[in-house]
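First the proteins, then the strands, lettered A, B, ... as listed; each starts at 1.
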2 protein chains.
Amino acid sequence: MKVKLNDVAKAAGVSPTTVSRVLNNRGYISEKTRKKVKDAMEELNYYPNEIARSLFINKSFLIGLIFPTTSNPFYGQLIFHLENICESLGYKVLLCNSQGREDKEKTYLEMLQRHQVDGIIAGAHNTGIEEYNTPNLPLVGIDRYLSKNVPVVSSDNYIGGKIATQLLINKGCQQILHINGPSSLETPANLRRKAYEDVMIANNLNPIAYEIGEDIIKKVFDENPGVDGIFASDDLIAANVIREAKERNINIPIDLKVIGYDGTDTTRILLPELTTVQQPIKEIAETAIKLLMKQINSTESDFQLETILPVELIEGKTT
Amino acid sequence: MKVKLNDVAKAAGVSPTTVSRVLNNRGYISEKTRKKVKDAMEELNYYPNEIARSLFINKSFLIGLIFPTTSNPFYGQLIFHLENICESLGYKVLLCNSQGREDKEKTYLEMLQRHQVDGIIAGAHNTGIEEYNTPNLPLVGIDRYLSKNVPVVSSDNYIGGKIATQLLINKGCQQILHINGPSSLETPANLRRKAYEDVMIANNLNPIAYEIGEDIIKKVFDENPGVDGIFASDDLIAANVIREAKERNINIPIDLKVIGYDGTDTTRILLPELTTVQQPIKEIAETAIKLLMKQINSTESDFQLETILPVELIEGKTT
DNA sequence: TTGTAGGCGTTATCAG
DNA sequence: CTGATAACGCCTACAA
């Protein structure tokens, strides 16, 4: 069947230990035997069994990633960077699409623990899942409070929401609405809405926020015929708003101004005219990994509990 | 440290074997001891070590996925479905973003083998990497010939290309160009271009194809002032074409008609007006997994070597 | 510089 | 019905 360390040893006429030494560059080995062994490995097309190795060293070099779906451009891009950085550090990535379902997320969480992952990065929009308390495992949340003492990384949602709302006000909008995704109160992303409400009130305007759902966009327009500004909590919602507006022959940006949130590469290509608040996705990924590695490589817990990264306004033609 | 099977055994006052039996529902156990064991597992918050288990049963329930990037909406959606189906079958997914780089892909391929994955699904646009010949491992390619005898799944690229080109011709375009992605001659995706060329020639038109690259879109317009139809080999390219056209004040669809390829959920939301050839992404994923499982679960190689799934034209407002 | 022995956590085999 | 034992493939003492 599969060629193993022992086979290499036999072929090279040395002991398994020697092969292991060559493999891991440990201890003293004569150049001659080293070459013999290397040749044998080449010859037999040998790959060390990482599973056996993990079992022994009690470390898997596996990181679990739990996000709603790679299909969403924000998560897709975020996961791309996360995987990328992991790879550069010698870690591999176990991917989990929770689809925002609490049951799936719990199952995944258990599965990852069974597989002895060295850490987990999660970002979904579920309410506090208590299972995140139990595992004595390095954890990092992205835009998401997982549990007490689990560090969170997010873009500056509050400032982002403020910038967005303020922009609409500055551009002269009178009736500004907010539509947010399926976010519970426990995610930092909800600060986008909070900021919207604060800014509206500070400007003596009436905040009206909708949560996305079946036919919500139509409802928004039906219920607010005078709407002239919409701050959508992500770019996909913004795109849906734009489409509905077009169908109703509402002129953007003259009669209605729309601003989104995320500013992924994909959005910038497919809908470049959209004004949006761009998240520093790569930096979020870098920070998350850094925080995770800190936990993995040390026992002290002196890491920053909440990291907030700056956002950037990208003005397009929809405002 | 981590609680293991032995700890549970001790706590329950039974042997490790019995615990293992309870865990796997094998052999006869009295209800009483079963309960004792289950309680102990609960008590100690025990999770079986899947690594040790994999080592013994010589199966990891891991599937490797090698694609250029989850950031691209097509791959993002494809990977979403692949992971989803794997999960439903009890398999976990190791994610690899090859970024279309041959060196990365080779490294990943080796890494996956070291990790004893039960199979690999790959779809990137690299030229034949010979390493795909060596591993005696279940493999499936998506839109990509990995090696002799490795099954390939793809959308009907030829028909898709034909439909796209024919549509432009039917709509009265005279100077139709094609822009394709960085595809080598060895991928089925290249049939999109082949079909374009065939249809053009069959209609006594002159086929001109560009391959995407730095400032290619501008070049396309500069070199072909009379262009009135463009078939882009994916939606992102189509989006770039549309943007450039807008900047040049070229009216779409009146002066220029554009059609893309892929029709991902994300594109449909962000750029719903784009006419495109939609790939059956979910079906591609299902077929790929089915072919992989067939290889995993049997030694015979009676599987279909090439599966081609039908595409669908989605007419938007850009044609 | 190299080899031998034991164990990482689990499971299958074979007794009892 | 339950328990002891060996083994999965590798690595680290400890010996030689």
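- Direction of the helix axis in the helix from C/dT1-D/dA16 to C/dG16-D/dC1 shifts by 40° between the two five-pair termini, rounded to 10°.
- Every pair passing ring pair (Phe, Tyr, Trp, His ring centres under 6.0 Å) that includes a residue from residues 78-106 of chain B is listed here, sequence neighbours excluded: B/Phe61-B/Tyr91.
- Within residues 53-61 of chain A, the residues having any heavy atom closer than 4.0 Å to DNA chain C are, in order of number, A/Leu55, A/Phe56.
- Scanning for salt bridge (Lys or Arg N to Asp or Glu O under 4.0 Å) contacts around B/Lys38 gives an empty result, with sequence neighbours left out.
- For the pair A/Leu5 CG and D/dC8 P, the computed distance is 13 Å after rounding to whole Å.
- The ring pair (Phe, Tyr, Trp, His ring centres under 6.0 Å) analysis of residues 26-59 of chain A, with sequence neighbours excluded, yields no pairs.
- With sequence neighbours left out, A/Asn58 forms a side-chain hydrogen bond (donor to acceptor under 3.5 Å, both in side chains) with no residue at all.
- For DNA chain C, the contact window with chain B, defined by any atom under 4.0 Å from a protein heavy atom, covers C/dG9 to C/dC14 in 5' to 3' order.
- Contacts of A/Phe74 classified as ring-ring contact (aromatic ring centres under 6.0 Å, His included), with partners at least two apart in sequence or in another chain: none.
- Under the rule for a side-chain hydrogen bond (donor to acceptor under 3.5 Å, both in side chains), B/Thr287 has no partner lying at least two apart in sequence or in another chain.
- For residues 55-70 of chain B, the set of pairs meeting the salt bridge (Lys or Arg N to Asp or Glu O under 4.0 Å) definition, not counting sequence neighbours, comprises B/Lys59-B/Asp118.
- Partners of B/Lys104 under the salt bridge (Lys or Arg N to Asp or Glu O under 4.0 Å) rule, at least two apart in sequence or in another chain, are A/Glu87.
- Sorted by first and then second residue, the side chain to side chain donor-acceptor pair (under 3.5 Å) pairs with a member in residues 1-16 of chain A read A/Ser15-A/Thr18; sequence neighbours excluded.
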